[in-house]
Amino acid sequence: MKKIVITRNINPDIVDKLRKDFEVSVWEEDQKPMPREKFLEETRDAHAVLTMLSDKVDEEFLSNAPELKVVANLAVGFDNIDLDAARRHEVVITNTPDVLTETTAELAFTLMLVSARKVLAANNELMEGNWSGWSPYHMAGTDVFGKTVGIFGMGSIGAAFARRLAGFRSNILYHNRSESEAANDLGAKLVSFDELLSQSDFVLCAAPLTEETKHKFDAEAFGKMKDTAHFINIGRGAHVVEDDLAEAVSSGVIAGAALDVFENEPIGADHQFVGLDNMTLLPHIGSASVATRNNMMNLCVNNIMEVLNGGRPITPVG
């Protein structure tokens, strides 16, 4: 019987779809990643693996799993996977595009509004018993309505975010490797990276992580933004030079930042972003609605079943 390894404890009803025809091994933790040694040990005789972003699919892993046919990554991104090595070993890689688009765009929009209106700072003041009363500029943030919003990475999530701006009568700019028909239909304008930075009141990073986009947002980039601008990141943490962003926010180079992703996750209370004024931080919950996560898991399982049963993957990468 072919073996499938699942590296986190996911919805058991979805896992049960596999148990009829396959031997299934599930890591018992849902919060903690499977340790690397355990990962290599469990997958040595596996035919399929359902992975998370925390699982490194590299030459060592692939060489260690000669029976492997498919890796189903529970994410849209796949920067944890060496695609060249996978091709050499003839292992199919799949991801979960589209099913999380709207949920992640919704979270990005939430981050923008929370950052603009100082929602967390206001909530903390009240909850800590420090609200002393009304004053004209008390917790006065900035409007989103009618502002210029720049989107770095106009893929499906960037386009879904842009659609939500219609009701805010926003001027939409975007920077992308190529022109986006979806963006053009929304009246968005393709601009250079420098124009995106200098003209936008809000800058959203929604791009995939590549060698070209890694550490794209550094001191130079933040220096080109308006001092009233807010930076939002729901892409990958490594898009940002974190020391530079901390300095930009703390020194007033930009007005604020709101992040759902970090270069090394999880972060702790000692991270340099924690405690900074005008910094909104979330623990990588972009696609975290129950329905969306279940849809992602089902897509991974369906990809695995298709490949192991001799069919074609539903959402192959590359």
| request: Could you tell me whether a side-chain N or O of Asp143 sits under 3.5 Å from a main-chain N or O of Phe145, the two making a donor and an acceptor? | output: no
| message | Taking Leu68 as the starting point, is it possible to reach Val57 by hopping between hydrophobic residues whose side chains are less than 4.5 Å apart? | response | yes
| field | Distance (rounded to the nearest 0.5 Å) between Thr210 OG1 and Lys216 NZ | value | 9.0 Å
| query | Would you say the side-chain atoms of Thr43 pair up with the backbone N or O of Ala46, donor to acceptor, closer than 3.5 Å? | reply | no
| Does Asn73 reach the main-chain N or O of Gly77 with its side chain, forming a donor-acceptor pair under 3.5 Å? | yes
| field | Under 3.5 Å donor-acceptor, Asp218 side chain and Ala221 backbone | value | yes
| query | Which value, rounded to the nearest 0.5 Å, describes the distance between Thr94 atom OG1 and Leu299 atom CG? | reply | 6.5 Å
| Hey, does Glu306 have a side-chain heavy atom less than 4.5 Å from the side chain of Ile314? | yes
| query | More than 12 foreign heavy atoms under 6.0 Å from CZ of Arg164: is that the case here? | reply | yes
| said: Test: side chain to side chain donor-acceptor pair (under 3.5 Å). Region: residues 24-33. Which pairs qualify, not counting sequence neighbours? | reply: Ser25-Glu42
| query | From Phe161 CZ over to Met154 CE, what is the distance, rounded to the nearest 0.5 angstrom? | reply | 9.5 Å
| Are any non-hydrogen side-chain atoms of Leu204 and Ile234 less than 4.5 angstrom apart? | yes
| query | Would you say the side chain of Tyr174 lies within less than 4.5 Å of the side chain of Asn184, judging by non-hydrogen atoms? | reply | yes
| field | Rounded distance [0.5 Å steps], CG in Leu50 versus CD1 in Ile4 | value | 9.0 Å
| query | Any chain of hydrophobic side-chain contacts (each under 4.5 Å) joining Ile304 to Phe78? | reply | no
| task | Check the hydrophobic clustering (I, L, V, M, F, W, Y; side-chain heavy atoms under 4.5 Å; chains of links allowed) and say if Leu186 and Leu173 are grouped together. | result | no
| message | If we ignore hydrogens and angles and just use 3.5 Å, is the side chain of Glu263 paired with the main-chain N or O of Glu242 as donor and acceptor? | response | no
| request: Working to the nearest 0.5 Å, report the span between CE of Met112 and CG of Leu165. | output: 5.0 Å
| said: I'd like to know if the side chain of Thr292 and the backbone of Ala288 have a donor-acceptor N/O pair within less than 3.5 Å. | reply: no
| Looking at side-chain heavy atoms only, is the closest gap between Asp243 and Glu247 below 4.5 Å? | no
| request: Look at atom CZ of Arg177 and say whether more than 12 heavy atoms of other residues, nucleotides or ligands are closer to it than 6.0 Å. | output: no
| request: Answer yes or no: are there more than 12 heavy-atom neighbours, outside Lys69 itself, under 6.0 Å from its atom NZ? | output: no
| Is the closest side-chain donor-acceptor distance between Glu59 and His89 under 3.5 Å? | yes
| Are any of the side-chain heavy atoms of Met52 and Ile10 separated by less than 4.5 Å? | yes
| query | Does Met296 belong to the same Ile/Leu/Val/Met/Phe/Trp/Tyr cluster as Val317, with side-chain heavy atoms less than 4.5 Å apart forming each link? | reply | no
| query | So Phe273 and Val249, side chain to side chain contact (heavy atoms under 4.5 Å, CB included) or not? Walk me through it. | reply | CA-CA 9 Å; Phe273 290 159; Val249 171; over 6 Å; no
| field | Carboxylate-amine/guanidinium proximity below 4.0 Å for Lys118 and Glu125 | value | no
| query | Same cluster or not: are Ile267 and Leu53 linked, directly or through other Ile, Leu, Val, Met, Phe, Trp or Tyr residues, by side-chain heavy atoms under 4.5 angstrom apart? | reply | no
| Do any N or O atoms from the side chain of Asp260 and from the backbone of Ile285 form a donor-acceptor pair under 3.5 angstrom? | yes
| field | Asn64 side-chain N/O to Glu60 backbone N/O, donor-acceptor pair under 3.5 Å | value | no
| said: Determine whether a donor-acceptor pair (N or O, by modelled atom type, separation under 3.5 Å) exists between the side chain of Asp55 and the backbone of Met34. | reply: no
| task | For the residue pair Phe222 and Val240, establish whether any side-chain heavy-atom pair is separated by less than 4.5 Å. | result | yes
| Side-chain touch Lys147/Thr142, heavy atoms, less than 4.5 angstrom | yes
| task | Before accepting this row, confirm whether a basic side-chain N of the pair Lys2/Glu67 lies closer than 4.0 Å to the acidic partner's carboxylate O. | result | no
| Arg236/Glu265 ion pair, N-O < 4.0 Å | no
| query | Does NZ belonging to Lys189 count more than 12 external heavy atoms closer than 6.0 Å? | reply | no
| task | Mark yes or no for whether Asn309, through its side chain, and Met305, through its backbone, hold a donor-acceptor pair below 3.5 Å. | result | yes
| Could you state the interatomic distance from CD (Glu179) to CG (Leu190), rounded to the nearest 0.5 Å? | 6.0 Å
| request: Pick out which of Phe202, Phe231, Phe217 makes a ring pair (Phe, Tyr, Trp, His ring centres under 6.0 Å) with Phe152. | output: Phe217
| task | Report yes if the side chains of Phe61 and Asp82 come closer than 4.5 Å at any heavy-atom pair, otherwise no. | result | no
